[in-house]
Amino acid sequence: MSLQFMITVTLNGLTLAALYFIVASGFSLIFGLMRTVNMAHGSLYMIGAYVGFSVFDSLYASNATAGYAWYVGLLAGVVAAAVAGVVIQVVFLGWMQGQELRQALVTIGLSIIIADQLLAHFGGNPFQFFAPDALFGPTPVPVIGRYSTFRLFQIGLALAVGVGLWLLLNKTRLGIMVRAGVDDRQMLAACGVNVPLISVATFALGAGLAGLGGVIGATAQPVALGVDVKFLLTSLVVVIVGGMGSIGGTAIGAILIGVAEQWGQALFPTYSVILTFAIMVAVLAVRPQGLLGRTGR
Amino acid sequence: MGGRLEIDDLHVTFGQAVILQGVTLSLDRAPLSLVGRNGMGKSTLCHAIMGMVAARQGSVTLDGRPLLGLGPSRVARGGIALVPQGRRMFPSLSVHEHLLLVAGRSKGAWTVERVYETFPRLAERRRNGGHQLSGGEQQMLAISRALLMNPRIVIMDEPSEGLAPVIVDHLIETLRAIAAEGMGVLLVEQNMRVATSVSDQVAIMVTGRIATTMPARELEADRDAQRRYLGVSHGH
Ligand SMILES: Nc1ncnc2c1ncn2[C@@H]1O[C@H](COP(=O)(O)OP(=O)(O)OP(=O)(O)O)[C@@H](O)[C@H]1O
Ligand SMILES: [Mg+2]
């Protein structure tokens with residue numbers, strides 16, 4: 001096995017991990033504050049991908065040289081998913097706060113409805129964004145020669161999301177409120193904070209990250225129906241491995257799962273799926289709360 | 001500062017259990033202590049005033065403004081702050097973050113700087129997590145968190161619980177200073193010494209009702225009443 005091969009496979013793994021991190025950090029954020037296992041998180045990913053693509057496609061169709069089409073599509077996808085998340089929180093989940101089973105069932109129902117509606121409006125054909133010129137093509141990389149610019153961008157974007165989330169949670173007043181809400185929602189309210197508003201803001205952010213993942217994922221690879229389930233499951237596995245509600249844990253979980261998936265496919269393609277679940281089982285056996293998760297209060 | 005808190009015929013039930021059955025109490029300029037045995041409904045009363053539990057009947061007003069049904073965040077912004085039983089620190093926040101959470105949202109005498117001047121221990125430990133503090137330090141932080149909201153009335157639910165006697169002395173001084181500044185104080189206590197050092201009047205709660213309100217001096221002298229209402233035979 002050559003060094004070149006090993007670096008390439010690892011970079012592929014990190015690229016995938018970057019996408020998983022972007023999506024799963026939103027999932028983890030929502031779970032952390034609301035204790036809501038949002039089973040519609042994969043649907044928010046799909047909304048981001050589909051809405052983003054339809055905006056991108058209409059701009060691109062009218063003017064293929066429009067470099068901004070991808071960026072506008074990205075923005076549209078993020079906003080659409082965030083708005084959908086706010087609607088889910090305000091209309092359905094807000095008034096069943098604390099009833100986890102009911103919330104899980106409602107979001108499963110919503111995910112089925114959303115998948116059907118997307119199929120009805122956008123059809124079932126796979127589609128893919130074209131990366132803008134600035135991110136298209138290869139970039140020279142030492143040892144392996146060159147590597148896809150967009151994939152490197154994807155890794156950089158995940159880093160930016162991680163740093164941004166860390167700053168938001170640790171250096172802003174909103175972040176202090178979100179963390180206090182994770183600890184004790186009722187006491188936070190008794191401190192004069194409008195907790196439902198914080199919940200909606202958190203849900204919008206978490207859902208927006210799913211939408212961001214949708215556009216990035218649909219630029220890296222063609223998207224078709226069914227990705228909602230794939231990304232919901234991946235988000236679940238990543239946060240179970242990393243630890244629910246911890247951004248650092250989500251990053252570690254995403255890297256483990258992403259890199260393992262790529263190495264598994266490179267070494268034993270037939271059984272690579274099992275590897276993901278083997279990691280999950282191993283982590284659960286040793287640390288049921290996840291690698292960086294805190295034990296329940 | 002200060003305000004008139006009126007509680008009238010307040011009823012709270014949990015399922016079938018009637019916990020408060022017609023509490024009537026008012027608090028004006030002077031601090032008031034509320035004592036009573038375990039499980040009599042003192043904390044439930046605090047929570048009902050704050051809107052943290054729903055009342056079934058009755059009214060709570062602050063300077064004539066009804067508070068019931070507003071929910072905790074609006075009651076808090078309306079001028080009532082709670083120092084809850086057990087202190088309820090936020091384990092994820094540092095000392096300083098506890099203060100930032102509530103600072104600057106209200107006009108008044110209390111600022112983060114003043115908290116650090118008043119409680120130098122908190123300034124020393126500003127980077128520590130709330131749960132890394134000693135019991136006494138946690139109580140100072142819980143009180144500071146309430147004061148920084150510059151409330152008209154602060155409700156303290158058993159602040160001396162679990163504190164060493166020297167720390168309790170310091171607590172008494174702090175509470176007296178707060179009351180002397182004109183902030184309304186409703187002090188729930190099981191420690192007779194704290195209750196009677198902070199307020200001249202003591203209300204006694206028995207099974208979800210105010211059984212009687214009497215001068216602190218009288219209660220201090222009346223061993224029989226103490227035994228009957230509080231289950232203590234001496235000083236405690
Ligand atoms: N959320 C709840 N659900 C059901 N019952 C409750 C609840 N909270 C309190 N109770 C019951 O209400 C009664 C009064 O409780 P409360 O905490 O108000 O008493 P307390 O006077 O503050 O007691 P202590 O001095 O021990 O703090 C108790 O019997 C308690 O078991
Ligand atoms: Mg109590």
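Surrounding CZ of B/R65 are at most 12 heavy atoms belonging to other residues, nucleotides or ligands under 6.0 Å away. For B/R114, the CZ atom is densely surrounded, since the number of other residues' heavy atoms within 6.0 Å is greater than 12.
To the nearest 0.5 angstrom, B/M89 atom CE is 7.5 Å from A/M187 atom CE. Here CD1 of A/I176 is found 7.0 Å from OG of B/S94. Values are rounded to the nearest 0.5 Å.
Contact of B/R145 with chain A is made through the side chain alone, with heavy-atom distances under 4.5 Å. The part of B/A103 that comes within reach of chain A is its backbone (N, CA, C, O), which places non-hydrogen atoms under 4.5 angstrom from that chain. With a 4.5 angstrom heavy-atom cutoff, A/R173 touches chain B only via side-chain atoms. With a threshold of 4.5 angstrom between heavy atoms, B/L82 approaches chain A through N, CA, C or O but not through any side-chain atom. Proximity to chain A involves both the backbone and the side chain of B/V102, based on heavy atoms less than 4.5 angstrom apart.
Annotation: maximal heavy-atom pairing with chain A below 4.5 Å, among B/M149, B/H98, B/M52, occurs at B/M52. Taking B/M50, B/R88, B/H47 one by one and counting their heavy-atom pairs under 4.5 Å with chain A, the maximum is reached by B/R88.
In this structure, a donor-acceptor pair under 3.5 Å is absent between the side chains of B/S73 and A/N194.
With hydrogens and angles disregarded, no donor-acceptor distance shorter than 3.5 Å links the side chain of A/R179 to the backbone of B/L93.
B/F90 approaches A/D184 most closely through the heavy-atom pair CE2-O, 3.6 Å. In terms of heavy atoms, A/A190 sits closest to B/A76 at O-CB, 3.3 Å.
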